[in-house]
Amino acid sequence: MNTSVTLAGITFKNPVTTASGTFGSGMEYGEYVDLSRLGAVTTKGVSNVPWPGNPTPRIAETYGGMLNAIGLQNPGVDVFINRDIPFLRKYDTKVIVNVVGKTTEEYCEVVERLACQDVDMLEINISCPNVKEGGIAFGQDPRCVFEITSELKKRAKQPIIMKLSPNVADIGEMARAAEAGGADALSLINTLTGMKIDIHRRAFLLANKTGGLSGPAVKPVAVRMVYQAANAVKLPIIGMGGIASAEDALEFIMAGASMVAVGTANFINPTATLEVVEGIEAYMGQYGIEDINDLIGCVK
Amino acid sequence: MNTSVTLAGITFKNPVTTASGTFGSGMEYGEYVDLSRLGAVTTKGVSNVPWPGNPTPRIAETYGGMLNAIGLQNPGVDVFINRDIPFLRKYDTKVIVNVVGKTTEEYCEVVERLACQDVDMLEINISCPNVKEGGIAFGQDPRCVFEITSELKKRAKQPIIMKLSPNVADIGEMARAAEAGGADALSLINTLTGMKIDIHRRAFLLANKTGGLSGPAVKPVAVRMVYQAANAVKLPIIGMGGIASAEDALEFIMAGASMVAVGTANFINPTATLEVVEGIEAYMGQYGIEDINDLIGCVK
Amino acid sequence: MSVAMKRKTVITENVEIAKDIYSMWLNAPDISREARPGQFVSLYCRDRSKLLPRPISICEINKEQGKIRLVYRIAGEGTREFAGMDAAEDMEAMGPLGNGFTLEGKKALLIGGGIGIPPMLELAKQLSCEKQIVLGYRDITFLEKEFEAYGKVYISTEDGSRGTKGNVIDAIREESLDADIIFACGPTPMLRGVKAYATEHKIKAQLSLEERMACGIGACLGCICKTKEVDHHSNVKNKRICKDGPVFYAEEVEL
Amino acid sequence: MSVAMKRKTVITENVEIAKDIYSMWLNAPDISREARPGQFVSLYCRDRSKLLPRPISICEINKEQGKIRLVYRIAGEGTREFAGMDAAEDMEAMGPLGNGFTLEGKKALLIGGGIGIPPMLELAKQLSCEKQIVLGYRDITFLEKEFEAYGKVYISTEDGSRGTKGNVIDAIREESLDADIIFACGPTPMLRGVKAYATEHKIKAQLSLEERMACGIGACLGCICKTKEVDHHSNVKNKRICKDGPVFYAEEVEL
Ligand SMILES: Cc1cc2nc3c(=O)[nH]c(=O)nc-3n(C[C@H](O)[C@H](O)[C@H](O)COP(=O)(O)OP(=O)(O)OC[C@H]3O[C@@H](n4cnc5c(N)ncnc54)[C@H](O)[C@@H]3O)c2cc1C
Ligand SMILES: Cc1cc2nc3c(=O)[nH]c(=O)nc-3n(C[C@H](O)[C@H](O)[C@H](O)COP(=O)(O)OP(=O)(O)OC[C@H]3O[C@@H](n4cnc5c(N)ncnc54)[C@H](O)[C@@H]3O)c2cc1C
Ligand SMILES: Cc1cc2nc3c(=O)[nH]c(=O)nc-3n(C[C@H](O)[C@H](O)[C@H](O)COP(=O)(O)O)c2cc1C
Ligand SMILES: Cc1cc2nc3c(=O)[nH]c(=O)nc-3n(C[C@H](O)[C@H](O)[C@H](O)COP(=O)(O)O)c2cc1C
Ligand code: FES
Ligand code: FES
């Protein structure tokens with residue numbers, strides 16, 4: 001049985017990675033899951049300098065999901081290079097580094113700093129709804145998507161994955177812009193912008209007012225967008241949004257994702273990633289699927 | 001205690017109505033709820049001629065929500081006028097008629113047919129994701145929103161509510177376009193486009209492939225959009241999307257909605273509308289709120 | 001008829017009668033009082049991540065004790081939740097819903113396929129004419145003993161382990177059963193076969209259909225079936241299975 | 001230290017000890033073996049519409065019986081679900097989480113406010129030095145009797161119905177309590193007051209903080225508190241309450 005997939009020339013032992021920001025740099029969940037069992041670990045977003053993130057509360061629970069407004073707190077690319085990459089390199093897994101910035105220059109700086117590092121792919125987060133500048137603003141305008149993709153592509157030594165925002169009218173348009181800009185792969189969805197109000201205190205639950213909605217609640221939107229993006233471009237896609245089980249993951253794969261990422265589910269079940277890996281194998285066994293690649297985009 | 005609200009000159013005894021398409025024309029739920037207790041009944045979308053809708057399956061359950069692809073099946077405006085309006089007029093409640101079409105001409109035709117009818121407001125559905133033409137296509141382009149609004153405004157004898165799609169990057173832009181076109185009010189959100197795949201049959205769950213996601217799962221997105229729309233325009237807003245309780249309804253009101261609509265929740269609890277009416281009164285009693293209008297948009 | 005409110009009922013028994021097939025008795029006086037064979041109830045999950053009601057046919061009605069019986073198969077997460085429940089636990093249910101079978105005919109053929117078998121039991125009890133009962137299974141049989149009290153029982157299994165090898169139509173042809181009325185419930189391919197058989201032999205047939213539902217009471221238009229004629233309610237050729245059905249005359253509907 | 005896996009534990013008791021305040025004992029040998037005062041567990045709701053774990057402090061540890069005690073207030077839907085559960089039911093829990101209190105000092109002041117009182121009980125049991133215990137309530141008191149075995153108990157109530165009228169600081173000032181170490185858990189305004197008092201009197205203070213959590217293990221950065229110095233992990237002035245805390249020295253954090 002073959003569970004390995006190849007995206008942009010990089011081969012992953014299985015199609016399961018972690019959703020950026022939900023798994024730190026693997027350190028904490030490494031106590032629950034053997035990271036070497038995962039196709040890849042995708043890290044929390046990293047910026048050129050340390051970012052303090054948003055004030056608290058940063059988390060609010062919603063029906064079947066959650067809102068977060070972490071604000072991309074991260075220790076900056078230097079600490080990341082010195083501490084997190086060596087940690088991850090101890091495991092037999094691929095490393096995808098999520099990159100954030102407030103301006104094109106900041107994104108470029110991080111990508112350049114990572115160029116000579118031992119990481120397998122870069123995932124460019126142009127879709128975070130929780131930071132004022134950069135982030136989502138880039139991801140909602142096809143021209144911006146095109147431009148930042150081509151700028152980064154010039155500098156990156158690793159293949160780049162453009163991470164798209166679901167807060168758009170036409171995901172296909174954004175996917176095509178990223179493809180035109182030279183992206184090697186796409187990942188989606190990032191979070192949907194949401195809000196929760198505490199009616200007793202008559203105030204927003206999140207200090208940031210709005211946050212990013214994730215978890216099982218968003219899965220139908222995510223599957224639809226993966227399907228539309230897969231039909232809009234030839235690029236391989238990493239699908240995510242509400243994946244909590246192998247069944248969920250297989251929906252994304254059948255809709256056209258070559259890989260899947262487990263995010264919010266980690267918080268509810270620290271071994272979720274592993275269960276997805278094993279559940280996909282069990283499904284393939286049950287239905288006599290020899291090669292996972294036969295399932296990618298099989299529902300049309 | 002005053003629970004009445006006035007939108008575009010029409011006064012509703014309380015701010016609670018039904019979400020179009022989830023309540024038929026009130027006939028079925030009228031056995032569960034005294035329709036005279038509701039601020040208004042909003043009907044299923046009605047078109048110039050009868051529409052057969054989509055093939056089945058039209059319904060799929062999702063985590064904390066559901067997908068529907070009814071495809072706006074309706075008996076056409078003539079039967080509607082002869083049967084449904086007289087039925088609703090037996091109750092002491094306002095009547096909002098939801099209007100659909102495939103072209104601007106079709107919308108105009110329905111609005112003209114309804115001009116001399118005893119209905120209080122028209123809600124123009126330019127946001128249904130389940131029909132190929134018309135529907136959502138209108139609701140995703142600000143120019144289209146502006147144009148169809150102004151065309152209908154010329155013909156309508158009743159105030160018109162433009163019902164906006166959440167499948168857009170910037171809801172404020174759509175709200176402003178509707179305002180510029182002369183809309184009297186806005187309603188939002190319609191459903192988010194979603195998809196579900198049956199991994200065992202390796203097929204879409206809905207015959208239509210995609211459907212509209214509704215229910216508690218979407219509430220954070222809906223509250224955020226109501227907040228953004230309320231801050232973008234001066235128009236009164238009817239808020240909806242996942243309301244299942246008075247607490248949910250109050251979130252929308254505090255975010256800026258002058259009225260709220262209960263949709264999917266009716267399917268789970270046939271008396272949901274009434275419980276929302278009563279729960280809002282209880283909240284006002286608990287906190288000594290004299291006038292519901294003091295709560296509208298109170299969280300900024 | 002009073003309104004089928006959503007009510008709290010109490011489970012009095014919930015046992016596995018065949019692999020993944022459960023028999024549940026509910027103490028539900030209001031439902032049992034109104035219920036007719038072929039009607040169904042909507043059951044609600046406790047786990048609120050699953051919102052929609054699960055439609056389950058009424059298998060038996062005990063009006064004296066105010067109880068109804070449901071027989072269901074574990075088909076997904078909702079029915080799995082039900083299977084895990086015990087006597088004395090509460091179950092939220094709405095019903096009875098739908099029209100039910102019309103009791104008619106002199107010589108009846110009752111045809112149940114798979115999980116369409118349960119509603120035939122109460123029908124067999126209430127139908128006073130001559131009855132021939134055809135039950136189709138994939139492999140494992142259930143409830144067949146209980147039918148024997150009400151008529152001659154014919155069985156088909158796909159794997160041939162019991163009765164006729166094949167489907168219910170194979171069994172009917174093998175036994176050359178005739179009748180002036182057919183009642184049938186089962187998967188759509190089976191109902192298509194029954195309709196063809198009934199047309200061929202000019203036998204009147206009542207078919208109980210299935211579709212994904214949301215409201216269960218005729219408001220959402222989620223559960224329609226295509227009809228031959230323009231339907232009064234919809235003004236198009238769509239009847240609502242939950243409200244106008246689930247039972248239709250074969251010639252009314254397109255399968 | 002072994003990993004705090006998510007595990008099935010069994011409720012052995014769950015009783016209301018004051019209005020809306022419940023005491024729950026869990027049979028959880030793995031957790032009780034590792035647990036220290038001031039640590040917490042994450043409880044998971046059964047109703048899967050509520051996804052995130054609920055952090056609840058460990059109130060007592062019984063290592064011999066392999067049990068832990070939690071005392072919690074109904075604050076929303078999750079804790080309401082817990083309150084409805086009975087002995088013998090399963091509870092999914094992950095823990096022990098967080099750092100816990102450092103046992104130190106010669107003369108200690110243990111300060112608990114409202115639902116911050118429970119973790120002080122195991123601390124009082126394990127702390128061998130001289131102890132003064134100050135418990136602040138809005139109105140209805142709970143657990144205060146159980147503290148009496150471990151030291152002198154001072155009470156404050158906002159409505160003055162018991163002990164000092166006011167808050168814990170009012171009680172401390174009224175009784176002119178002094179100490180070389182303070183341990184405190186309670187709402188942020190109270191902790192701010194404790195920090196001010198400790199600074200004023202140059203008393204070392206360990207404060208247990210609270211924040212909305214998602215992962216509970218330090219991965220999501222949801223539950224940070226502002227710190228005075230750049231923190232080693234974050235490289236900014238943010239420590240994680242779930243992992244680096246919930247207990248911090250007063251001078252470390254900005255409240
Ligand atoms: C009128 C009617 C009577 C029925 N009577 C019986 C009965 O007596 N015994 C029995 O075992 N089953 C019966 N069914 C089928 C039963 O409703 C489904 O098996 C059940 O809803 C599956 O729920 P689930 O949560 O286990 O499956 P899931 O697949 O997890 O359910 C997901 C969603 O799909 C719906 N769904 C899934 N399968 C069906 C189906 N076959 N028909 C309608 N909705 C479905 C569920 O209600 C739910 O909304 C009946 C269906 C209808 C329409
Ligand atoms: C380290 C720590 C220890 C705690 N110890 C106790 C204790 O011993 N006894 C006790 O009664 N309470 C304790 N709390 C508070 C307790 O976690 C909340 O009251 C509980 O999570 C509320 O859940 P709910 O579903 O009832 O409320 P809801 O408001 O419905 O919960 C919605 C979401 O908000 C979170 N949330 C709500 N209030 C709080 C809060 N005050 N702190 C953190 N998250 C919150 C919930 O966990 C959930 O994710 C502690 C909190 C922390 C952080
Ligand atoms: C707490 C949290 C932090 C996140 N941080 C990041 C981030 O740093 N960079 C990024 O690209 N996406 C981030 N995301 C988005 C996730 O990677 C993912 O796209 C989204 O949550 C949908 O997947 P899920 O529903 O499985 O969580 C974050 C999500 C959560 C919940
Ligand atoms: C079954 C169903 C049918 C619907 N039909 C219509 C419709 O005819 N016209 C319309 O404007 N919206 C329609 N909607 C959208 C709802 O009116 C509402 O905007 C949406 O469902 C969000 O609210 P909810 O989450 O409370 O259901 C429909 C929704 C559902 C679930
Ligand atoms: S389920 Fe709503 S009309 Fe039948
Ligand atoms: S809750 Fe995730 S870091 Fe603390």
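Letters A, B, ... mirror the listed sequences (proteins, then strands); counts begin at 1. These numbers come from the heavy atoms of this one structure, side chains and all, not from hydrogens, waters or symmetry mates.
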Starting at [atom1] of [X], measure out to [atom2] of [Y] and round the result to the nearest 0.5 Å.
| X | Y | atom1 | atom2 | answer |
| --- | --- | --- | --- | --- |
| A/Ile268 | D/Ser42 | CD1 | OG | 11.5 Å |
| A/Thr271 | D/Met5 | OG1 | CE | 6.0 Å |
| D/Asn238 | A/Trp51 | CG | CH2 | 14.0 Å |
| A/Glu61 | D/Arg54 | CD | CZ | 4.0 Å |
| D/Leu221 | A/Asn54 | CG | CG | 11.5 Å |

Smallest separation among heavy atoms of [X] and [Y], with atom names:
| X | Y | answer |
| --- | --- | --- |
| A/Ile59 | D/Ala214 | CD1-CB, 3.8 Å |
| A/Gln73 | D/Ser234 | NE2-CB, 3.3 Å |
| A/Met66 | D/Leu52 | SD-CD2, 4.0 Å |
| D/His233 | A/Glu28 | NE2-OE2, 3.7 Å |
| D/Tyr44 | A/Phe267 | OH-O, 3.9 Å |
| D/Val236 | A/Pro50 | CG1-CB, 3.6 Å |

[atom1] ([X]) with more than 12 external heavy atoms under 6.0 Å:
| X | atom1 | answer |
| --- | --- | --- |
| D/Lys63 | NZ | yes |
| A/Arg202 | CZ | yes |
| D/His232 | NE2 | no |

Chain D contacts, top residue of A/Thr62, A/Asn269, A/Thr56, A/Thr22 (heavy-atom pairs, under 4.5 Å):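 Of the candidates given, the most pairs with chain D belong to A/Thr56.
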
Trace of the side-chain contact (heavy atoms from CB on, under 4.5 Å) decision for D/Arg212 with A/Leu205: CA-CA 10 Å; D/Arg212 309 256 158 177; A/Leu205 247 106; 3.7 Å; yes

Contact class of [X] relative to chain D, heavy atoms under 4.5 angstrom:
| X | answer |
| --- | --- |
| A/Phe23 | backbone |
| A/Asp78 | neither |
| A/Pro57 | both |

Contacting region of D/Met94 [heavy-atom separation from chain A under 4.5 Å]: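 When you check distances to chain A, only side chain atoms of D/Met94 fall under 4.5 Å.
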
Check: A/Pro216 and D/Leu51 side chains under 4.5 Å, non-hydrogen atoms: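 A side-chain contact exists here, since the closest heavy-atom pair is under 4.5 Å.
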
